[in-house]
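Worksheet: one structure, shown below.
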There are 2 protein chains.
Amino acid sequence: MIGRPPVTTHADIEAAAFTLFAHKGFAETTLEDIAQAVGVGRRTIFRYYPSKNDIPWGRFDESLAGFRETLQRMPAELPVFDAVHQGVIEFNRFDDAVLSQHRERMSLILRTPELQAHSALRYEQWRKVIADYVAMRTGHYAASSLPVTAGHVGLALALSAYESWLSDENGSLTESLSRSFSELGTLMGRHG
Amino acid sequence: MIGRPPVTTHADIEAAAFTLFAHKGFAETTLEDIAQAVGVGRRTIFRYYPSKNDIPWGRFDESLAGFRETLQRMPAELPVFDAVHQGVIEFNRFDDAVLSQHRERMSLILRTPELQAHSALRYEQWRKVIADYVAMRTGHYAASSLPVTAGHVGLALALSAYESWLSDENGSLTESLSRSFSELGTLMGRHG
DNA sequence: CAGACTAATGGCACTCAGCGCCAAAGGTCA
DNA sequence: TGACCTTTGGCGCTGAGTGCCATTAGTCTG
C-alpha cells in the first residue's frame with residue numbers, strides 16, 4: 001500500500017461512537033468526544049463520515065447493493081407485490097449474533113429526532129431500489145408514478161414493521177414485516 | 001394588548017424568506033439575510049420559528065388540526081381505507097389563488113435535501129392524525145400496528161402523489177392523489 | 001401625566017457541526 | 001537515502017442554535 005496508512009477504520013469509529021451515544025445520548029456527544037475516544041483528530045472523523053448523522057448508518061450504501069441483488073433474485077413468477085414483500089423480508093434477515101447490534105442501531109436511528117430527519121435521505125435511496133425493481137417488472141420508467149408509489153409504500157410498511165419490532169422486546173423482525181404487509185390487505189378491505 | 005407589540009409576523013418572515021430562497025437558494029440564505037430583509041434581529045427570527053428548516057413549513061400545526069377535523073367528518077359508512085383516501089384528498093384541496101403558493105412551498109420542501117430530512121419530523125405528526133382516525137374506526141389503540149401502518153401508507157401515497165404533481169407542470173393535485181391511491185390497488189394484484 | 005407593569009426585542013457571547021487549506025507524518029519503492 | 005504518495009490533523013472560518021439580560025414600546029392605574 002502506497003502513502004501513509006490509515007490510523008483508524010469505520011468500525012473503530014462506530015464502536016466508539018455507539019458507546020458514547022448509549023452513554024451520553026446522541027445530541028450530547030460531540031464529534032470532539034468521538035475523535036478523542038478513537039484517538040484521532042476531529043478533522044479525521046469527517047474523512048470517514050460526511051456528517052455526525054451518518055455514523056449510525058454505517059456502510060449503508062454497500063448494504064443497498066445487497067438489497068438490489070436480493071430483489072433481482074426473486075422468481076419472476078411471483079407477482080410484483082409479493083416479490084417486493086419477500087425481498088424486503090429476505091433483506092432484513094439477520095443472524096442472532098448480528099441482530100442485537102442491528103436492533104440497537106435501528107433503535108438509535110428511529111428514536112433520535114435528528115437521525116429520524118437525516119434518515120429520510122437514506123430512505124430515498126432505499127425506495128429507489130424498489131422503484132427500479134418494480135419498473136423492471138412492470139415495464140414502466142423508474143421515475144414514473146407506479147414504481148415511485150411502490151417504493152414509498154414498501155418503505156412505509158418496512159418502517160411500520162421496524163417500529164413495531166422495536167417496541168416489542170420479544171418480537172421477530174421477520175414476523176413484524178409480514179404483519180405489515182398483510183395489514184395492508186386488511187386496510188384495503190379484505191375485511192376491516 | 002399588554003407589553004411591547006410584535007414588530008413582525010410569521011407572514012412577514014415567510015414572505016421575505018421565500019423571496020430569498022428563490023433568489024439565492026435555501027442553503028445559501030443565512031438567517032442573518034432573512035433577519036435583515038425583515039428588518040429585525042437574527043435573534044427574533046428564532047422567536048417565530050424554532051429553526052431555519054421550519055420556516056418553509058409555516059403554520060403547519062394549525063393546518064393539522066384541520067386535517068383531523070376533515071377526517072372526523074368522513075361518513076362512517078365509508079370503509080376506513082376510502083375514508084382516509086377521501087380525507088387526504090379533501091385536505092389537499094386548494095383554491096387556485098393559494099395553489100401556486102402551495103406548489104412553490106412544497107417544491108421547496110420536497111426538493112431541498114435539508115428540508116426533505118427535516119420534514120420527516122412534520123410527517124410524523126401528520127401520520128399520527130391518520131393513525132388516530134384509523135384507531136377510532138377500527139377499535140385499535142393508536143399506537144398499535146394497524147393504525148401505525150395506515151399512517152405510514154397514507155403518507156407514502158400522499159408523498160408519491162406530491163412528487164408526481166410537482167414533476168408535471170399541468171397536473172392536478174387531486175388527480176395525482178387519486179392516482180396514488182388507485183395504484184396501490186394495482187400493485188396489490190387487482191391486475192399488474 | 002407619571003410611574004408601574006408587561007411582553008417583545010435584539011445584542012452578546014458561547015457551543016458545535018462542517019469545510020477549505022496546508023504543512024507534517026509515515027508509510028512504499030527505486 | 002531520497003523521491004513519492006496518501007492520510008492525518010491543526011488552524012481558522014462560517015453559520016445554526018441557545019441562554020442571558022438589558023432595552024424598548026406599548027398598556028394600565030392612580
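Under the 3.5 Å distance criterion, with hydrogens and angles disregarded, a donor-acceptor pair is assigned to the side chains of A/R137 and A/Y133. Defined by atom type and a distance below 3.5 Å, a donor-acceptor pair is present between the side-chain atoms of B/W57 and B/S119.
Comparing B/I2 and A/P5 against DNA chain D, the residue whose closest nucleotide sits nearer the 5' end is A/P5. For B/G3 and B/G39, each mapped to the nucleotide of DNA chain C holding its nearest heavy atom, the one lying further toward the 5' end belongs to B/G3.
Proximity of residues 21-32 of chain A to DNA chain C (heavy atom under 4.0 angstrom from any strand atom) is restricted to A/T29, A/T30, A/L31. Non-hydrogen atoms lying under 4.0 Å from DNA chain C are contributed by A/R43, A/F46, A/R47, A/P50, A/S51, A/K52, all within residues 43-53 of chain A. The stretch residues 108-124 of chain B does not touch DNA chain C, since none of its heavy atoms comes less than 4.0 Å from the strand. Annotation: proximity of residues 9-18 of chain B to DNA chain D (heavy atom, distance under 4.0 Å) is found for no residue.
An end-to-end axis angle of 10° holds for the helix from C/dC1-D/dG30 to C/dA30-D/dT1, taken from five base pairs per end and rounded to 10°.
As a whole-Å value, the separation of A/I34 CD1 from C/dG18 C1' is 14 Å. Distance, A/R4 CZ to C/dG26 P: 6 Å, rounded to whole Å. If you measure from atom CZ of B/R42 to atom P of C/dA13, you get 13 Å, rounded to the nearest angstrom.
Judged purely by atom type and a 3.5 angstrom limit, A/D12 has no side-chain atom pairing as donor or acceptor with the backbone of A/T8.
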Distance-only donor-acceptor pairs under 3.5 Å for side chains of residues 36-47 of chain B, two or more places apart:
none

List the atom pairs, with distances to 0.1 Å, where a side-chain N or O of residues 15-24 of chain B and a protein N or O form a donor-acceptor pair under 3.5 Å, not counting sequence neighbours.
from	atom 1	to	atom 2	distance (Å)
B/T19	OG1	B/A15	O	2.9
B/K24	NZ	B/D33	OD2	2.8

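The line from CD of B/Q125 to CG of B/L64 is 5.5 Å long, rounded to the nearest 0.5 Å. Here the straight-line distance linking atom CD of A/E114 with atom NE2 of A/H118 works out to 11.5 Å at 0.5 Å rounding. The distance from the CG atom of A/L166 to the CG atom of A/L173 is 8.5 Å, given to the nearest 0.5 Å. Atom CG of B/L146 is separated from atom NE2 of B/H140 by 5.0 Å, given to the nearest 0.5 angstrom. Rounded to the nearest 0.5 angstrom, B/R179 CZ and B/S182 OG are separated by 8.0 Å. The distance from the CD atom of A/Q116 to the CG atom of A/L108 is 10.5 Å, given to the nearest 0.5 Å.
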| query | Between B/H102 and B/Y162, is a ring pair (Phe, Tyr, Trp, His ring centres under 6.0 Å) present by the stated rule, with each step listed? | reply | CA-CA 11 Å; B/H102 185 60; B/Y162 263 95; 5.7 Å; yes
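By the 4.0 Å N-to-carboxylate-O rule, A/R105 lies close enough to A/E14 to be salt-bridged with it. A salt bridge links A/E90 with A/R93; the closest basic N to acidic carboxylate O contact falls under 4.0 Å.
Under the ring-ring contact (aromatic ring centres under 6.0 Å, His included) criterion, A/F81 pairs with A/F181, sequence neighbours left out. For A/F67, the ring-ring contact (aromatic ring centres under 6.0 Å, His included) test picks out A/F91, A/W126, with sequence neighbours left out. Under the side chain to side chain donor-acceptor pair (under 3.5 Å) criterion, A/K128 pairs with A/D132, sequence neighbours left out.
Counting side-chain heavy-atom gaps under 4.5 Å among Ile, Leu, Val, Met, Phe, Trp and Tyr, A/V98 is found in no cluster with other residues.
Along DNA chain D, the stretch of nucleotides lying under 4.0 Å from any heavy atom of chain B spans, 5' to 3', D/dG15 to D/dC28.
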